[in-house]
Structures are given as C-alpha cells and as structure tokens.
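Just so you know, ligand 1 is whichever comes first in the structure, and atom 1 is the first atom listed for that ligand. These numbers were taken from a predicted model, which means no experiment stands behind them.
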Amino acid sequence: MPKSRIRRAAMAVVIALAPGPVLAAPLVVATTGMAGDLVATIGGDCIDAEVLMGPGVDPHLYQATASDVRAFQKAELIVYNGFGLEGQLADVLAGLDRHKATLAVAEAAARAGPIEALDGEAGYATDPHLWMQPALWSQAVPAVEAALARLAPDCLEPMQRRAAAYRQQLQALDRWMAASLATIPSGQRVLLTAHDAFGYLSQGYGLEVRGVQGISTQAEPSVAAIQSVADLIAQRNIPAVFIETTINPRTVEAVIEAARARGTDVEVGGSLYGDALGQPGTLADTLVGMLIHNTRVMTDALGGQVIPLPEALAPWQQRREEVAP
Ligand SMILES: [Zn+2]
C-alpha cells in the first residue's frame with residue numbers, strides 16, 4: 001500500500017518567522033489523503049504527517065497491514081475520517097493503547113455545525129463522504145488545529161494562521177463549486193457514478209446523484225442495480241456517466257452497455273476522484289485540487305460552463321497550468 005510522508009509549507013499562506021523546521025516534529029498518522037491534507041496543511045513544518053492510503057486505494061475495503069499497525073503505534077495522534085468509512089479500522093484502533101490520541105475529522109466536522117451530515121444507508125448510519133462539500137469539511141478545521149496545537153504548542157500561532165487561511169480557501173472553493181455547478185442545465189443535473197460518494201454534492205449544490213453501488217463498495221453491484229441506472233439514463237436522456245479512480249471501471253462500462261441496449265448512447269464523462277486523492281504531481285494531489293478537477297469534469301460533461309477560479313484559489317490556478325491534467 002503506497003504511503004506518503006508530507007512535510008509541507010501550506011500553499012498561499014504567509015508563514016510568520018517562527019523558529020525554523022522543528023527537528024523532531026510529532027508524528028501524526030492519517031488514514032485517507034483527505035484527512036492527511038487537513039493535517040499537513042495546518043501542521044506545516046510543525047508536524048510530520050504520514051498518510052496510509054495512497055491514490056487509488058478504496059477506504060471502504062481498508063485492512064490494516066502490519067506496517068500500518070506499527071505506524072499507529074508510533075504516532076502521537078491518529079487522524080481518520082470516521083463514520084465507518086475505513087473498513088476494518090475500528091478493530092485496529094480498539095487493539096491499540098487506550099490512551100492513544102485519535103481524531104475522527106468527519107465526525108468532528110458534523111458535530112461542529114452548522115451544516116449537518118447526511119444519513120447513510122446499508123450499514124452506514126451516516127454518509128461518511130463529507131469532504132465532497134468543502135464548506136462542511138471546513139467545519140473540521142478547528143478540531144484539527146486544536147489537536148495539533150496540543151502536540152506542538154510552540155507552533156500555535158503559525159498553525160492558527162494556516163488553519164484560518166485553509167478554512168477561507170475551502171469556503172471560497174465551496175462558493176466556486178456552487179457557481180460552476182449551477183450552470184448545468186436543469187434537465188441534465190444528474191450525476192451518475194460507480195458508488196454513492198457524492199451525496200454531499202446533492203446536499204450542497206442541488207445535483208441529483210445516483211451511484212450504481214450505494215455507499216459501500218464491499219459487494220459487487222447487482223445486475224438489477226445496473227439495469228435500474230440504465231433505465232434512468234434512457235428515460236431522462238442523461239449525457240454522461242462518470243468513473244471513479246478508486247473503483248473498477250467495469251461497473252460503469254456495464255451501465256453504458258445496458259443503456260446502449262435500450263438505444264441510448266451515453267458517454268463516460270470523465271474520471272472523478274471519489275474516495276482518494278490523485279497521484280503526487282497531479283492537480284488532484286490535494287483536496288482542493290481534487291475538488292477543482294471533479295467540478296470541472298462534471299460541469300463540462302453535463303453541459304455547464306466552468307467559471308474562473310477566485311483569487312483565494314490562485315495557487316491552484318497556477319498549479320493547473322504547471323502539472324499534468
Ligand atoms: Zn466511498
């Protein structure tokens with residue numbers, strides 16, 4: 001399982017003349033890239049952030065390896081998504097020292113309000129994919145800031161500054177996503193994907209979303225589920241379906257075949273990042289970049305007009321021009 005160690009100076013944040021990089025920065029282990037992004041962005045040089053699940057890894061199927069367990073044992077703080085996203089994680093955490101510090105960022109975001117988490121289905125009491133709506137995800141920032149400040153109290157001031165800047169960037173991203181997605185014509189505001197990672201897009205931006213597989217990816221999609229999505233495509237004349245980087249594209253290919261059998265030609269609208277960040281060196285290697293990518297792909301494929309990124313997201317505009325799409 002690929003791992004990445006991130007010591008990142010947060011993008012577009014003015015860092016005060018704090019003491020230089022701390023020699024032995026506290027180790028914080030994050031499960032998903034999205035949780036790791038909160039830690040790395042807010043922690044900056046003050047924290048040694050390690051992410052266990054790399055690009056393309058499906059967190060619903062997560063099983064800790066021996067080296068993951070060693071990382072958890074060494075970590076001064078474990079940051080995970082929560083709401084049951086990470087497969088077998090609860091069993092692993094239960095086996096660790098009960099004084100081990102942990103933080104479930106999605107659960108912290110939902111508790112903080114004002115935006116509430118959505119109910120789940122099929123074994124998930126709550127839909128765990130909160131990062132899809134950045135205004136909601138940004139509600140986790142104070143909890144992460146507080147947890148990191150306990151580990152590196154000397155860094156309180158720069159971490160507060162980075163946290164405030166990140167929150168503003170996530171809120172600017174939310175407004176830009178809402179404005180871009182609002183340009184999709186009313187008859188085409190349907191997002192069809194391999195699994196239900198996108199419920200928060202529906203909540204935040206008024207898109208109708210439908211996954212072939214439901215919230216979990218643990219079972220293979222049924223023929224009935226594929227047929228039912230193909231019926232919807234044929235009835236509503238939906239122009240595009242989307243593949244996801246963490247899900248086998250066969251699911252979506254089967255939907256396209258079934259729609260063709262009903263005489264409707266539907267295209268792959270592009271590849272969306274659902275439950276993992278993109279490869280290092282792509283725009284999607286941060287949460288903000290991942291959501292910019294997704295919004296552009298969805299808006300283009302469904303007949304909308306992507307609007308220019310706001311000034312607050314200028315670092316990502318620059319990155320778009322520098323890196324592979
Ligand atoms: Zn998922």
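Within D275, the N, O or S atom lying nearest to the Zn ion (ligand 1) carries the name OD2. Restricting H129 to its N, O or S atoms, the one at the least distance from the Zn ion (ligand 1) is NE2. The atom of H60 nearest to the Zn ion (ligand 1) is NE2, with the search restricted to N, O or S atoms.
Centroid-to-centroid, the aromatic rings of Y124 and H129 stay 6.0 Å apart or farther.
By the ring-ring contact (aromatic ring centres under 6.0 Å, His included) test, F72 is found to be paired with no residue, residues two or more places apart in sequence or in another chain being considered.
For the Zn ion (ligand 1), the N/O/S atoms of D58 include none lying under 2.8 Å.
Annotation: E257, atom CD; neighbour count of heavy atoms from other residues, nucleotides and ligands within 6.0 Å does not exceed 12.
Between the side chains of T217 and D58, at least one donor N or O lies within less than 3.5 Å of an accepting N or O.
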